[in-house]
Amino acid sequence: MDRADSSDKKPKFYLTTPIYYANSRPHVGSAYTTIVCDVIARYKRMCGYDVAYLTGTDEHGVNIERAAEKAEITPQELVDKNEKIFRDLWKLLGITTTDFIRTTSDEHARAVQTLVRRTIERDQNLPPEKRALYKAKYEGRYCIYDNLYVSDTPEPADCPTCGRPAELISEENYFFKLSAYQQKLLELYETKPDFVQPDFRMNEVKSFVEAGLKDVSISRKTIKWGIPWPDDPEHVFYVWYDALTSYLSGIGYGEGADGEANPNFKKYWPADLHMIGKEIIRFHAVYWPAFLMAAGLRLPNQVFAHGWLLFEQEKMSKSKGNVAYPEPIVKVLGNDALRYYLLREVVFGQDGNFSRDSLITRYNADLANGLGNLASRILTMIASYCGSAIPNAPEVPPRLEELVSAPHLKAIRSGYDGFAFSEVLTSVWKLVEATDKYIVEEKPWSLAQNPSESDRLGRVLYAAAESLRMITVLAHPVIPDATLKIWGQLGQPGKLADVRIDQLTWGGLRPGTKVGKPQAVFPRADKIQAWERMESMEQEIRNPKPVEPVSSRSGSATSAAPATDGKITIEDFAKIDLRVGQVTSAERVQGADKLLKLVVDIGDEVRQVLAGIALAYAPEDLIGRKVVIVANLAPRKMRGLESNGMLLAASAGADGLPVLCTFAEDIPPGAKVK
Ligand code: MSP
């Protein structure tokens, strides 16, 4: 997206996400930081800021080299492929970044080298022991998966993040004299107490710095895949110096002798906010300000470290294999569903759980039954009772007064300003609920029957629609797609993204405005179906179908089927929809000794199933029994009757009589068997 016209006088706000490792595709955990930043960027624009919003991909390092090796492609091919997946996902999620940086780009390499040159030049008149950069032997343990120095001694050590044994590194490196910055960093934390947020993170950072800092190695000789050190190309930059500099290169640093010639850089640097996950706080709150001090560049305003999204009790992470992907969620429930869920469910700053179940529950409760239902009710009533025109009665009813008052709106904005997203949404949804209650109490459908109540009907529907307009503005940063639709349906002029959230007051809805046709913005989701659709899309992402060789597509006789040894893949198995069913009626099929005609409740529907179990079971014994049914078997006819599904049974004993599969526990009909 474009930044604001540079000629306007808006205050600037520059925020960044971390740049993501391009060794694999993003999961919901990695999308989290980007979604949160997008909400902030949209909110800041609605407060009148000219926002620069940067994200990008971290494309150097051993883990990229290794992933490429494994995939039998070059590192460049790997990062090109993954970078595209990131970009496509950001598009799908409606992310409004203004800039995207790749660490393999020429601009970025130039910026990293310029930053180092600038640091060296600043120090050239100092004695060697006082300089920020020097060359020395490095020996230590390093986790290649998390790109983390685990210890600065050669003894074996495990990575504190992933728990795997760290590798021994021994070579000559360039070092950054971090130890010389202890005092300056402590002064920074003292004079700028909100440099690191939340506060408890600031305390962690301070204690870490107070305990004394060791110099850090910022180059590698063993690694090839990186930016060469200026005038010493045997060395490449170690990932963190390289990666952190993306916050500069992403907005144009690196031009001119001091690197600061680009007008874009002049305008937006320093960053107002670096949003990061908690595990990379030291790099951002200790290394990064020290690197910038050494180069004589201004420091960012704030580093905010959020918690982790947990999935199955652990940090969602590709290396642990416990990931959920955003694309299936967006395709099944829409972009807003994921954004709303993540911001509403997790107390921002702390760890929070992700679960598909609670995602669908929240979607149905807050979005489909909540806002979606409210919008469609209001718009339908205005269409039916007011000829699709907003009535003329702009006063605030007592029921809504407090929730649309200036202090309440200010509290919502303070919530956004302090990144208390869950509280913001709770407050906005209080207005959704109150508006709903107001409609129920006032019963516009009854008022509409009585011509003498037409003024009151107008007052009620104006208030409901105006409240909806305010909700739309307040929730827009979080659920941009649905709010845009409601905005259009309310017949509102101009771009919703340009509406000033900080100037929102009651009465903005003009009487007489024609409303559009009501359309469902959040269709209700069937829990099982939604879950299963997501699951099967996830499977496709996890196990992409191999591209069919051309010879087999053209039907060549030489193409051989893959050897299966009689085994099926997990995708093959995932195609079978097995569900718990409950038999509600059973009878014999005339003229067929073995066949029973059953009616089986499978949760969201009731099926007729024919089963060859009459020799083993009397129909009356089956009523109420829980069975397992193959629910997606194509219907077939037996003895002129349709069978829609199949029961699972073992063939047991010498006479091979069927024994139905069942459960010892009480399972509800419809539950999926996996
Ligand atoms: N490349 C480095 C950052 C360099 S920034 C100059 C990196 N990349 S990462 O891909 O591993 O992580 C990027 C961001 O995604 C981090 O903020 C990280 O916290 C976030 N997340 C990755 N998994 C996450 C969760 N499960 N939950 C929340 N955020 C998580 O670190």
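Keep in mind the model is a prediction, meaning the values are calculated, not measured. We count ligands from 1, going down the list as the structure has it; atoms in each ligand are counted the same way. Along the sequence shown, residues carry numbers from 1.
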Between Phe354, Phe311, Tyr247, which one has a non-hydrogen atom sitting closest to atom 6 (C) of ligand 1?
Tyr247
Ligand 1 contact by His27, heavy-atom criterion under 4.0 angstrom
yes
Below 4.0 Å from ligand 1: does a non-hydrogen atom of Gly307 turn up there or not?
yes
Assess Trp240 for proximity to ligand 1: is some non-hydrogen atom of it under 4.0 Å away?
yes
Show the numbers, then the answer: is there a side-chain hydrogen bond (donor to acceptor under 3.5 Å, both in side chains) between Glu171 and Asn173?
CA-CA 6 Å; Glu171 62 179 26; Asn173 284 176; 2.7 Å; yes
Would you please indicate if the ring centroids of Phe304 and Phe195 are separated by under 6.0 Å?
no
Any non-hydrogen atom of Met275 lying under 4.0 Å from ligand 1?
no
Polar side chain donor-acceptor pair, Arg45 to Thr96, under 3.5 angstrom
yes
What do you reckon, are the aromatic ring centroids of Phe176 and Trp240 less than 6.0 Å apart?
no
With respect to atom 21 (N) of ligand 1, which of Ser24, Ala22, Gly29 exhibits the smallest heavy-atom separation?
Gly29
Pi-cation contact, Phe421 with Arg344 (under 6.0 Å, within 45°):
no
Nearest protein heavy atom to atom 9 (S) of ligand 1, by residue and atom, and its distance?
Tyr21 CD1, 3.6 Å
